[in-house]
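Here is the structure we will look at, set down as structure tokens.
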Amino acid sequence: RLLIHMRENLLKDVITKKALIIITDHRGEVIWRQSESPASALFRDYFQGKFQKAEELSIYANQAGLAIAVLSSRLPIKNCYAYQMSQCGLEAFQKQGVHTEYQELIPLVKSSKDPEVVCPIEKFLWEHSEEKERWEFLESRFAPGKGIYTCSIEAHSNKA
């Protein structure tokens, strides 16, 4: 099989925030791209079956962290190229055997809406190391019929 290497133009798009996350397939073709609320959109589409037939995915992200790393246990994510990567995300990717490249290692991913605030999804996943609990949390937010489709932790607390 042809080995697809990182596409510099896609990495440039996420560094300059033309997109916050881009996913390519095993041929290096863009199959998904998002410019707002990347975690929300990614998990919503995942739970709606968007990536079921995917193989050997590569992720290009402005910020990559635990949410994408948790998803790599369910999707064939082989590579993650990021401008910023959280320390805990990096460790989780390494456990999954995902090849990572990044320009800056950060403690935790920041909110895409407010760069001064830690992403609520990242914060919850970091504070809860049990895989089952992490997955149930993500499902409760983004799965059809269950999901509240928000990254806000307050909305999760009110639902319980």
Side-chain angles (χ1 to χ4, degrees), residues 10-24 32-51 54 57-160:
L10 298 181
L11 187 59
K12 183 178 178 192
D13 281 356
V14 297
I15 289 171
T16 60
K17 296 188 177 182
K18 287 183 182 174
L20 294 179
I21 187 170
I22 299 169
I23 300 177
T24 61
W32 193 83
R33 178 180 191 109
Q34 184 66 33
S35 297
E36 295 179 13
S37 300
S40 297
L42 179 61
F43 279 94
R44 184 182 61 244
D45 285 358
Y46 168 80
F47 282 117
Q48 292 175 353
K50 172 79 175 163
F51 307 104
L57 300 175
S58 292
I59 306 284
Y60 294 81
N62 181 267
Q63 296 184 92
L66 273 173
I68 298 171
V70 167
L71 192 56
S72 71
S73 70
R74 311 263 174 148
L75 284 178
I77 298 170
K78 301 296 180 195
N79 304 292
C80 183
Y81 307 107
Y83 172 58
Q84 295 179 315
M85 183 166 300
S86 70
Q87 179 66 46
C88 52
L90 176 61
E91 291 166 9
F93 279 125
Q94 289 172 335
K95 282 183 187 173
Q96 295 293 337
V98 174
H99 170 80
T100 57
E101 293 182 33
Y102 54 90
Q103 291 190 8
E104 183 182 347
L105 193 60
I106 58 176
L108 295 169
V109 166
K110 302 292 184 163
S111 166
S112 61
K113 293 177 180 69
D114 183 350
E116 300 300 313
V117 175
V118 170
C119 169
I121 298 292
E122 176 95 347
K123 185 176 188 306
F124 182 92
L125 296 174
W126 178 66
E127 290 173 347
H128 300 84
S129 61
E130 169 61 42
E131 287 301 314
K132 185 176 188 281
E133 185 179 10
R134 285 176 169 175
W135 195 255
E136 287 172 354
F137 170 76
L138 292 165
E139 225 174 14
S140 75
R141 316 201 78 61
F142 306 115
K146 292 184 183 180
I148 50 180
Y149 308 113
T150 180
C151 289
S152 169
I153 299 301
E154 290 74 32
H156 179 70
S157 300
N158 292 340
K159 187 172 176 159

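These numbers come from the heavy atoms of this one structure, side chains and all, not from hydrogens, waters or symmetry mates. Since the model is a prediction, treat every value here as computed from it, not as a measurement.
Atom CG of residue L90 and atom CG of residue L105 lie 6.0 Å apart, to the nearest 0.5 angstrom. Note that NE2 of H128 and CD of E136 are 11.5 Å apart. Values are rounded to the nearest 0.5 Å. Remark: T100 OG1 to N79 CG distance equals 9.5 Å, nearest 0.5 Å. Distance check: L108 CG to W126 CH2 gives 5.5 Å after rounding to the nearest 0.5 Å. Taking CG of L71 as the reference point, atom CG of L66 lies at 12.0 Å (rounded to 0.5 Å).
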Next on the checklist: For F124 and E133: C-alpha separation, side-chain torsions, deciding distance, then whether side-chain contact (heavy atoms from CB on, under 4.5 Å) applies.
Outcome noted: CA-CA 10 Å; F124 182 92; E133 185 179 10; 4.3 Å; yes

Next on the checklist: Go through it in stages, so that I can follow the logic: the residues are I23 and F51, the test is side-chain contact (heavy atoms from CB on, under 4.5 Å), and I'd like the CA-CA distance, side-chain angles, deciding distance and then a yes or no.
Outcome noted: CA-CA 10 Å; I23 300 177; F51 307 104; 3.9 Å; yes

Item to check | side-chain contact (heavy atoms from CB on, under 4.5 Å) between Y83 and E104, worked out | outcome: CA-CA 6 Å; Y83 172 58; E104 183 182 347; 4.1 Å; yes

Item to check | side-chain contact (heavy atoms from CB on, under 4.5 Å) between I121 and L138, worked out | outcome: CA-CA 8 Å; I121 298 292; L138 292 165; 4.0 Å; yes

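A search for side-chain hydrogen bond (donor to acceptor under 3.5 Å, both in side chains) contacts involving Q96 returns nothing, not counting sequence neighbours. Residues meeting the side-chain hydrogen bond (donor to acceptor under 3.5 Å, both in side chains) test with H99, sequence neighbours left out: E101. Residues satisfying the side chain to side chain contact (heavy atoms under 4.5 Å, CB included) criterion with A64, sequence neighbours excluded, are A61, I68, C80, A82, M85, F93. Scored by the side chain to side chain contact (heavy atoms under 4.5 Å, CB included) test, Q34 finds I21, W32, E36, A41 as partners (sequence neighbours excluded). Remark: Y46 pairs with W135 by the ring-ring contact (aromatic ring centres under 6.0 Å, His included) rule, at least two apart or across chains. K12 meets the side chain to side chain contact (heavy atoms under 4.5 Å, CB included) test with T16; sequence neighbours excluded. For E116, there are no side-chain hydrogen bond (donor to acceptor under 3.5 Å, both in side chains) partners two or more places apart in sequence or in a different chain. With sequence neighbours left out, the side chain to side chain contact (heavy atoms under 4.5 Å, CB included) criterion links E127 to K123.
Contacts classified as side-chain hydrogen bond (donor to acceptor under 3.5 Å, both in side chains) and involving residues 85-94 (residues at least two apart or in different chains) are given here: S86-E122, Q87-E91. For residues 64-76, no pair satisfies side-chain hydrogen bond (donor to acceptor under 3.5 Å, both in side chains), with sequence neighbours left out.
Scanning all heavy atoms of the two residues, the minimum distance from S112 to P38 falls at OG-CD, 3.7 Å.
Looking only at distances, a side-chain donor or acceptor of S35 sits under 3.5 Å from a matching main-chain atom of K18.
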